[in-house]
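Values below: all heavy atoms of this structure, side chains included; hydrogens, waters and symmetry mates excluded.
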Amino acid sequence: MKANTIVTGDDIEMSYFSFGTGDRAFVILPGLDVKSVLISAKAVEAAYRSFADDYTVYVFDRRSNLPDVYSIRRMADDTAAAMRELGIRDADVFGASQGGMIAQYLAIDAPELVHAMALGSTAAYCTDILLNTCRDWIQLAEKRDITALTADFIDRLYSENTIRQYRDFLVHMNDSVSDRDIGRFLILTQSVFGFDAREELKKVQCPSLIIGVENDLALGTEASRELADLLGGELYIYGDEYAHCVFDEAPDYKQRLLDFFRAHEAK
């Protein structure tokens with residue numbers, strides 16, 4: 001695994017890590033978190049090891065030098081700039097949660113970069129449930145109440161089974177959070193409020209797979225169905241034994257992604 005920081009022509013600094021030996025590019029755009037995805041690099045590599053033969057996998061963090069106001073569309077623009085700098089085109093893309101929002105604009109504005117995309121636990125716009133979720137998280141983050149913020153993360157994002165098995169790990173996932181981490185989290189969370197890609201999703205031409213879950217307390221259960229209708233994409237909904245982070249919980253999730261991308265390989 002290789003961790004790097006790339007600087008594009010627009011002076012955007014973006015960290016990423018990569019692994020795998022395949023000729024094809026697979027880009028992962030992770031969801032919103034208090035800490036950088038780089039901290040979880042080894043766990044991500046292990047979770048997506050089934051991709052490593054077919055693909056070179058790239059996992060992008062958000063840019064390091066965040067502006068004070070940072071829209072979802074600008075996140076997509078910055079990701080596109082980083083992909084171009086690395087010579088990545090015609091990639092298979094998986095976006096989870098906020099990463100799925102970024103992926104939508106990536107496919108809209110830079111279609112040459114996206115061969116096929118899978119969108120997990122995400123929406124085409126900021127739903128009322130998501131709006132309330134983000135407002136609650138912002139309030140707790142502004143108070144620097146990391147214990148309460150972490151507890152709310154756990155309750156909204158994970159299933160009862162995951163909480164029962166991994167509670168000791170989950171309650172400590174935001175330990176050692178810095179003021180810089182909190183500032184970053186606030187900017188990224190606020191970006192969700194203005195997100196609405198519904199009118200432009202008709203521009204997306206690539207194959208799409210939308211995966212949701214019935215028990216999504218952070219986003220709402222209908223968001224994935226609405227997104228699939230707008231994109232005309234394939235839809236799969238997990239049952240209520242999982243939660244928003246079903247992409248980390250369901251044992252068949254990664255294989256479902258891989259089967260979709262293999263079914264749409266370039267001829």
Side-chain angles (χ1 to χ4, degrees), residues 1-19 25-45 56-89 91 93-110 112-114 117 122 126 130 133-135 137-144 146 149-150 153 173-197:
M1 179 180 61
K2 296 182 291 184
N4 297 280
T5 297
I6 190 167
V7 180
T8 71
D10 295 323
D11 292 328
I12 297 161
E13 297 176 9
M14 185 172 290
S15 296
Y16 71 97
F17 59 92
S18 62
F19 57 90
F26 177 49
V27 170
I28 299 176
L29 303 176
L32 174 68
D33 209 339
V34 178
K35 294 183 178 180
S36 166
V37 69
L38 298 182
I39 295 173
S40 304
K42 290 184 178 179
V44 173
E45 181 180 16
T56 299
V57 182
Y58 299 86
V59 184
F60 287 98
D61 200 359
R62 308 298 187 261
R63 63 184 284 182
S64 303
N65 48 343
L66 289 180
D68 292 337
V69 178
Y70 194 33
S71 69
I72 299 290
R73 186 164 226 147
R74 191 169 176 187
M75 294 180 199
D77 290 344
D78 292 345
T79 302
M83 290 174 66
R84 292 186 179 107
E85 192 76 17
L86 291 169
I88 301 171
R89 293 176 58 89
V93 177
F94 171 54
S97 196
Q98 188 184 69
M101 299 174 185
I102 297 170
Q104 291 171 55
Y105 275 134
L106 190 65
I108 290 167
D109 295 335
E112 76 281 2
L113 301 183
V114 183
M117 71 174 174
T122 194
C126 183
L130 180 58
T133 296
C134 290
R135 282 175 173 167
W137 287 350
I138 287 170
Q139 185 177 48
L140 293 170
E142 287 177 338
K143 292 179 179 178
R144 300 302 194 265
I146 304 305
L149 178 63
T150 301
F153 262 50
M173 64 181 173
N174 289 325
D175 286 357
S176 304
V177 167
S178 66
D179 284 343
R180 181 177 180 179
D181 291 330
I182 293 297
R184 172 184 179 275
F185 175 75
L186 287 169
I187 291 171
L188 296 178
T189 306
Q190 289 162 353
S191 70
V192 175
F193 295 153
F195 172 68
D196 190 342

S36 side chain vs L38 backbone, donor-acceptor pair below 3.5 Å: yes

Are I102 and R62 side-chain neighbours, meaning at least one heavy-atom pair lies under 4.5 Å? yes

So Y16 and F60, would you call those rings parallel, tilted or perpendicular, with 30° and 60° as cut-offs? tilted

Within the structure provided, determine whether L66 and L188 are in side-chain contact (heavy-atom separation under 4.5 Å). yes

In this structure, CD of E45 is separated from OG of S40 (nearest 0.5 Å) by 13.0 Å

R135: which residues meet the salt bridge (Lys or Arg N to Asp or Glu O under 4.0 Å) condition with it, sequence neighbours left out? none

P67 vs R74 side-chain heavy atoms within contact, under 4.5 Å: yes

Carefully, step by step, assess S15 and S64 under the rule side-chain contact (heavy atoms from CB on, under 4.5 Å). CA-CA 7 Å; S15 296; S64 303; 3.9 Å; yes

Test item: F185 and D33 side chains (from C-beta on) under 4.5 Å apart, heavy atoms: no

Check: Y105 ring centroid to F195 ring centroid under 6.0 Å: yes

One thing to verify: whether D61 and R184 come together as a salt bridge, which I'm taking to mean a side-chain N less than 4.0 angstrom from a carboxylate O. yes

Charged N to carboxylate O under 4.0 angstrom, D179 versus R144? yes

Strictly by modelled atom types, are Q98 and T189 linked by a side-chain donor-acceptor pair under 3.5 Å? no

Interatomic distance, OG1@T5 vs CD1@I12, rounded to 0.5 Å, equals 13.5 Å

Is any NZ, NE, NH1 or NH2 atom of the basic residue among E112 and R84 found under 4.0 Å from an Asp or Glu carboxylate oxygen of the other? yes

Indicate yes or no: at least one non-hydrogen side-chain atom of Y58 is less than 4.5 angstrom from one of I28. no

Does N65, at its CG atom, have more than 12 non-hydrogen atoms belonging to other residues, nucleotides or ligands within less than 6.0 Å? yes

Minimal non-hydrogen separation, A103 against G95, with atom names: CB-CA, 4.4 Å

For a side-chain contact (heavy atoms from CB on, under 4.5 Å) check, start with the C-alpha distance between I39 and V37, then their side-chain angles and the critical distance, and finish with the verdict. CA-CA 5 Å; I39 295 173; V37 69; over 6 Å; no

I want to check something: taking the side chain as every heavy atom from C-beta on, are V34 and F153 in contact at a cut-off of under 4.5 Å? yes

How far apart are the C-alpha atoms of L113 and I88, what are their side-chain angles, what is the distance that settles it, and do they pass the side-chain contact (heavy atoms from CB on, under 4.5 Å) test? CA-CA 7 Å; L113 301 183; I88 301 171; over 6 Å; no

side-chain contact (heavy atoms from CB on, under 4.5 Å) evaluation trace for D175 with V177: CA-CA 6 Å; D175 286 357; V177 167; over 6 Å; no

Could you walk me through whether R63 and D78 pass the salt bridge (Lys or Arg N to Asp or Glu O under 4.0 Å) check? CA-CA 7 Å; R63 63 184 284 182; D78 292 345; 3.2 Å; yes

Are I182 and I146 close enough that some pair of their side-chain heavy atoms sits under 4.5 Å apart? yes

Taking the side chain as C-beta and beyond, is there a heavy-atom pair between L149 and W137 under 4.5 Å? yes

